[in-house]
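Source: prediction; values computed, not measured.
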Amino acid sequence: MKKFLVAIVAVLFAAPSFAQYSSGGFSLSESTVYYGVRMGLNFATVTGDLPSDVKGAKTGFNFGGVLGLRVSQTTPIFLESGLYYTERGCKNGDNKIGLTYFEIPLLIKYGIQATDEIAVLPYLGPAFGFGIAGKVKPGNDSSFSSEGGFNRPDVGFKIGCGAEYNMLYLEAGYQIGMANIARDDNKTAHGNAFFINFGVNF
């Protein structure tokens, strides 16, 4: 949480210097490419065949970079991808399952010019994750070992909406777990998360 707060403060101090060069990270009527940074929080759960004592929400950190490309000359439709570090899992008291991923989303965004300075961008699309770390507590086993019981690959589906003002970007959405991440073929587990991210577009 401390890292998240420090990062937010750094972006807020940097934003005025960015804004003096541009009124936004991209213009819905002109730009073909944009890129940006994102940081925020997940409020994650894991549904399926898990003990009831771990079926609670776990808060985790998001950080990543994105690249967007306009795919139509006549309508403001963008294809956005990137690379995220994202912390998910579930928790109930001292019982916790941590699942940390590198994730690549592939999102389709539609731009709506709400005002002269504000653009609203609803979006949806898949996200492909690969587990890199995580612990099951109590016991401290790796989440992605046979004892932890989870597979590293994951696929989710994201739906959400972002808004941009003077290069500043804010979004909220929900990721639905599509892949069964349980290592045991006789069980099911799906990672889900509500997320909120803040960032800057260039």
### Query
Passes side chain to side chain contact (heavy atoms under 4.5 Å, CB included), Phe194 versus Thr45? Steps please.
CA-CA 9 Å; Phe194 171 78; Thr45 59; over 6 Å; no

Geometric cation-pi criterion [X] and [Y], 6.0 Å radius, 45° cone:
X      : Y      : answer
Lys158 : Phe195 : yes
Arg38  : Phe198 : no
Lys91  : Phe43  : no

Please give me the minimum heavy-atom distance between [X] and [Y], naming the atom from each residue.
X      : Y      : result
Asp154 : Ala179 : OD1-CB, 3.8 Å
Pro105 : Gly82  : CD-O, 3.6 Å
Ala189 : Val46  : CB-CG1, 4.0 Å
Gly36  : Asn201 : CA-OD1, 3.9 Å

Check whether any side-chain N or O of [X] sits under 3.5 Å from a backbone N or O of [Y] as a donor-acceptor pair, and report yes or no.
X      : Y      : result
Lys55  : Gly48  : yes
Thr75  : Ser72  : no
Asp184 : Asn186 : yes
His190 : Ile181 : no
Ser143 : Gly148 : no
Asn192 : Gly177 : yes

At what distance, to the nearest 0.5 angstrom, does [atom1] of [X] lie from [atom2] of [Y]?
X      : Y      : atom1 : atom2 : result
Ile132 : Glu87  : CD1   : CD    : 9.0 Å
Ile176 : Thr47  : CD1   : OG1   : 10.5 Å
Gln73  : Ile77  : CD    : CD1   : 12.5 Å
Ile118 : Ile112 : CD1   : CD1   : 13.0 Å
Leu170 : Glu164 : CG    : CD    : 11.5 Å
Asn151 : Asn180 : CG    : CG    : 7.5 Å

Same apolar cluster (I L V M F W Y, side chains within < 4.5 Å links), [X]/[Y]:
X      : Y      : value
Leu83  : Phe63  : yes
Leu50  : Met178 : no
Leu69  : Val37  : yes
Ile159 : Tyr84  : no
Val66  : Leu41  : no

#### Entry: Candidate pair Tyr101 and Leu99, rule side chain to side chain contact (heavy atoms under 4.5 Å, CB included), full reasoning
CA-CA 7 Å; Tyr101 295 90; Leu99 300 168; 3.6 Å; yes

### Any donor-acceptor N or O pair under 3.5 Å, side chains Thr59, Asn42
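Side-chain D/A pair, Thr59 to Asn42: absent.
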
### Query
Any chance the side chains of Thr86 and Asn62 put a donor and an acceptor closer than 3.5 Å?
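Side chains of Thr86 and Asn62: pair found under 3.5 Å.
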
Do [X] and [Y] make a side-chain contact, defined as non-hydrogen atoms from C-beta onward lying under 4.5 Å apart?
X      : Y      : answer
Ser81  : Leu107 : no
Arg88  : Gln175 : yes
Leu121 : Cys161 : no

### Message
Would you say the ring centers of Phe202 and Tyr35 fall short of 6.0 Å from each other?
### Response
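Yes, ring centres under 6.0 Å apart.
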
### Query
Between Phe78 and Tyr34, does the ring centroid distance fall short of 6.0 Å?
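Centroid separation for Phe78 and Tyr34: below 6.0 Å.
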
### Query
Is it true that atom CD1 of Ile108 has more than 12 heavy atoms of other residues, nucleotides or ligands lying nearer than 6.0 Å?
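Counting other residues, nucleotides and ligands, CD1 of Ile108 stays at 12 neighbours or fewer.
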
### Task
Evaluate whether atom CG of Asp94 has more than 12 neighbouring non-hydrogen atoms of other residues, nucleotides or ligands under 6.0 angstrom away.
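Open.
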
### Query
Given Phe157 and Leu124, is the side chain to side chain contact (heavy atoms under 4.5 Å, CB included) satisfied, shown in steps?
CA-CA 7 Å; Phe157 187 84; Leu124 52 80; 4.0 Å; yes

### Message
Looking at Arg183 and Glu147, is any side-chain nitrogen of the basic one under 4.0 Å from a carboxylate oxygen of the acidic one?
### Response
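Arg183 and Glu147: not salt-bridged.
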
### Query
When the ring planes of Phe61 and Tyr85 are compared, do they come out parallel, tilted or perpendicular, using 30° and 60° as the limits?
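It falls in the tilted class, 30° to 60°.
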
